[in-house]
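Note sheet for the following structure.
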Amino acid sequence: MSSATDARTPAAATKVRRRRGVRQLSKRDRIVVALLLGVPLLLDLAFIWFPALATVLLSFTKWNGVGGLHTKACLPNVPSIVNNGCLYGVQNYHQAATIYPEFWPAVRHNLIWLAVFILLATPLGMLFAVLIDRGIKGSRMYQSILFLPVMLSLALIGIIWEFMYSQNYGLINTVIGRNGNSNAIDWLGNPHLNLWAVLVEATWRQAGYVMVLYLAGLKAVDPSLREAAVVDGANAWQSFWHVVFPVMKPINIVIMVVTVIESLRAFDLVYITNKGINGLELLSVLVTSNIVGETQRVGFGSALGVVLLVISLVPISIFLYQTFRREAAPKDVR
């Protein structure tokens, strides 16, 4: 009898320990967990997902923001006030692509902005991060100087660079000797130059932002990986591209997403320069001018916002697809 009891004792003790290990949440704990998960979820739905879905739905309507919406189709050849709130189908998109002269220049400028950020600002920020991470003399000072533009608002950056680009008294024209009334370069007024001038301002800020993100990634890399690369005879370039850079894949994904978002939501710099006209048309400016401007074409402005959303999702989706496909690909076994 005692032997049977002794045989059951270890199993019973294990079961008791398991019961003690699983702690039942009290009512107060469940309320706290529900608040911690529910409040951010509700805020995310209220301020991100609901406006995004509402924008998509509004893009198929003809609405000026006043009055209600209904499911009746818009009547042809009648005043807009009569058609307010009706279903307009894809006509907003058709009009933007065919009879809205600012649309295609804005799309082209947004794509140029994105290309400059990806091909220039991001590699420049990565270069700064690698140089500072190597512990060069005065690295702390360089890091502070390069990060300073990130701490400034885009509005203030635009004002600072307006003084730099000033025709007669600007630093750039003074240095190159073109500050006279007859031969001064109008950097911000010339539609062939102002986009590139504003992109210099944006790159000045974005490079510092990317630098900080890459510095965080470089600090998290295991030093033994670099030591192993040195032992194998790899130089600094080979060690970075073949050992360090692949390890920073999470940081690369974050930087790619941030770069696309920052390039396509650009608004402040061009609006301060000339309100986004005369060579500085961007989709974000067109969305704002149509929704909250004098025209108040909420449906049309929402269609432009959807176009901007699609443009932003395409490069992010392609990058993520390529990244995870390489990760899922079978490795060669040698």
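Note that the structure is a prediction, hence the values are computed from the model and not measured. The figures that follow rest on heavy atoms only: side chains count, while hydrogens, waters and symmetry mates do not.
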With a 4.5 Å heavy-atom cut-off, do [X] and [Y] have their side chains touching?
| X | Y | value |
| --- | --- | --- |
| Leu58 | Leu69 | yes |
| His109 | Leu280 | no |
| Leu269 | Ile157 | yes |
| Arg226 | Val243 | no |
| Tyr165 | Leu193 | no |
| Val285 | Lys275 | no |
| Val260 | Met256 | yes |
| Gln238 | Asn235 | yes |

key: By ring pair (Phe, Tyr, Trp, His ring centres under 6.0 Å) - contacts of Tyr271 (at least two apart)   =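 In terms of ring pair (Phe, Tyr, Trp, His ring centres under 6.0 Å), with neighbours along the sequence ignored, Tyr271 is linked to Phe267.
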List the residues meeting ring pair (Phe, Tyr, Trp, His ring centres under 6.0 Å) with Trp63, not counting sequence neighbours, and say none if there are none.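 Ring pair (Phe, Tyr, Trp, His ring centres under 6.0 Å) check on Trp63 returns nothing, list empty.
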Checking Val210 against Phe117 for the side-chain contact (heavy atoms from CB on, under 4.5 Å) test, could you report, in this order, the C-alpha distance in whole Å, the side-chain angles of both residues, the deciding distance, and whether it holds? CA-CA 10 Å; Val210 173; Phe117 267 27; over 6 Å; no
For [X], give me all partners under salt bridge (charged side-chain N to carboxylate O under 4.0 Å, His left out), at least two apart in sequence or on another chain.
| X | result |
| --- | --- |
| Arg178 | none |
| Arg108 | none |
| Glu102 | none |

- Any pair counted as ring-ring contact (aromatic ring centres under 6.0 Å, His included), so long as it reaches residues 213-238, sequence neighbours left out: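 Residue pairs passing ring-ring contact (aromatic ring centres under 6.0 Å, His included), neighbours aside: Trp237-Trp241.
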Are any side-chain N or O atoms of [X] and backbone N or O atoms of [Y], one a donor and one an acceptor, separated by less than 3.5 Å?
| X | Y | answer |
| --- | --- | --- |
| Asn190 | His192 | yes |
| Thr174 | Gly170 | yes |
| Trp104 | Ala97 | yes |
| Asn278 | Gly189 | yes |
| Asp222 | Leu225 | no |
| Thr55 | Ser302 | no |

Nearest heavy-atom neighbours spanning [X] and [Y]:
| X | Y | result |
| --- | --- | --- |
| Ser239 | Ala229 | OG-CB, 3.7 Å |
| Asp268 | Ala155 | CB-N, 4.3 Å |
| Gly279 | Leu195 | O-CB, 4.0 Å |
| Ala207 | Leu124 | CB-CD2, 4.1 Å |
| Gly217 | Met248 | C-SD, 3.6 Å |
| Asn110 | Ser263 | ND2-O, 3.9 Å |

Connected-component partners of [X] among ILVMFWY, side-chain separation under 4.5 Å:
| X | answer |
| --- | --- |
| Leu36 | Val32 |
| Leu37 | Val33 |
| Val66 | none |
| Leu35 | Ile31, Val39, Leu43, Phe47 |

Separation between [atom1] of [X] and [atom2] of [Y], rounded to the nearest 0.5 Å:
| X | Y | atom1 | atom2 | value |
| --- | --- | --- | --- | --- |
| Ile311 | Leu283 | CD1 | CG | 5.0 Å |
| Leu199 | Gln206 | CG | CD | 11.5 Å |
| Cys86 | Lys62 | SG | NZ | 6.5 Å |
| Met141 | Ile136 | CE | CD1 | 9.0 Å |
| Met211 | Leu218 | CE | CG | 11.5 Å |
| Met164 | Ile172 | CE | CD1 | 5.0 Å |

Treat each ILVMFWY residue as a node, draw an edge where side-chain heavy atoms are under 4.5 Å apart, and state whether [X] and [Y] are in one component.
| X | Y | answer |
| --- | --- | --- |
| Leu213 | Val247 | yes |
| Leu309 | Val298 | no |
| Leu313 | Leu304 | no |
| Phe103 | Ile291 | yes |
| Leu286 | Leu111 | yes |

Practice task
Go through the steps to decide whether Asn92 and Phe300 satisfy the test side-chain contact (heavy atoms from CB on, under 4.5 Å), and finish with yes or no.
Solution key: CA-CA 5 Å; Asn92 286 324; Phe300 186 77; 4.0 Å; yes
Results of side-chain contact (heavy atoms from CB on, under 4.5 Å) for Val56 - residues two or more places apart only
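Residues passing side-chain contact (heavy atoms from CB on, under 4.5 Å) with Val56: Phe60, Val306.
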Original post:
Under the salt bridge (charged side-chain N to carboxylate O under 4.0 Å, His left out) rule, what pairs show up with a residue in residues 194-213, not counting sequence neighbours?
Top reply: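 Listed by first then second residue: Arg205-Glu262.
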- Task: Step by step, work out the side-chain contact (heavy atoms from CB on, under 4.5 Å) result for Ile185 and Ile176.
- Result: CA-CA 10 Å; Ile185 300 177; Ile176 64 178; 3.9 Å; yes
Query - Heavy-atom neighbours of His94 NE2 exceed 12 at 6.0 Å - result: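 At most 12 heavy atoms, drawn from other residues, nucleotides or ligands, come within 6.0 Å of this atom.
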Item checked: Tyr142, OH: over 12 other non-hydrogen atoms inside 6.0 angstrom ->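 No, because the 6.0 Å sphere around OH of Tyr142 holds 12 heavy atoms or fewer from other groups.
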Is there a side-chain contact (heavy atoms from CB on, under 4.5 Å) between Tyr93 and Val307 once you walk through the steps?
CA-CA 9 Å; Tyr93 298 95; Val307 173; 4.2 Å; yes
Under the side-chain hydrogen bond (donor to acceptor under 3.5 Å, both in side chains) test against Trp187, which residue among Asn194, Thr273, Asn173 passes?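 Answer to the side-chain hydrogen bond (donor to acceptor under 3.5 Å, both in side chains) test with Trp187 among Asn194, Thr273, Asn173: Asn173.
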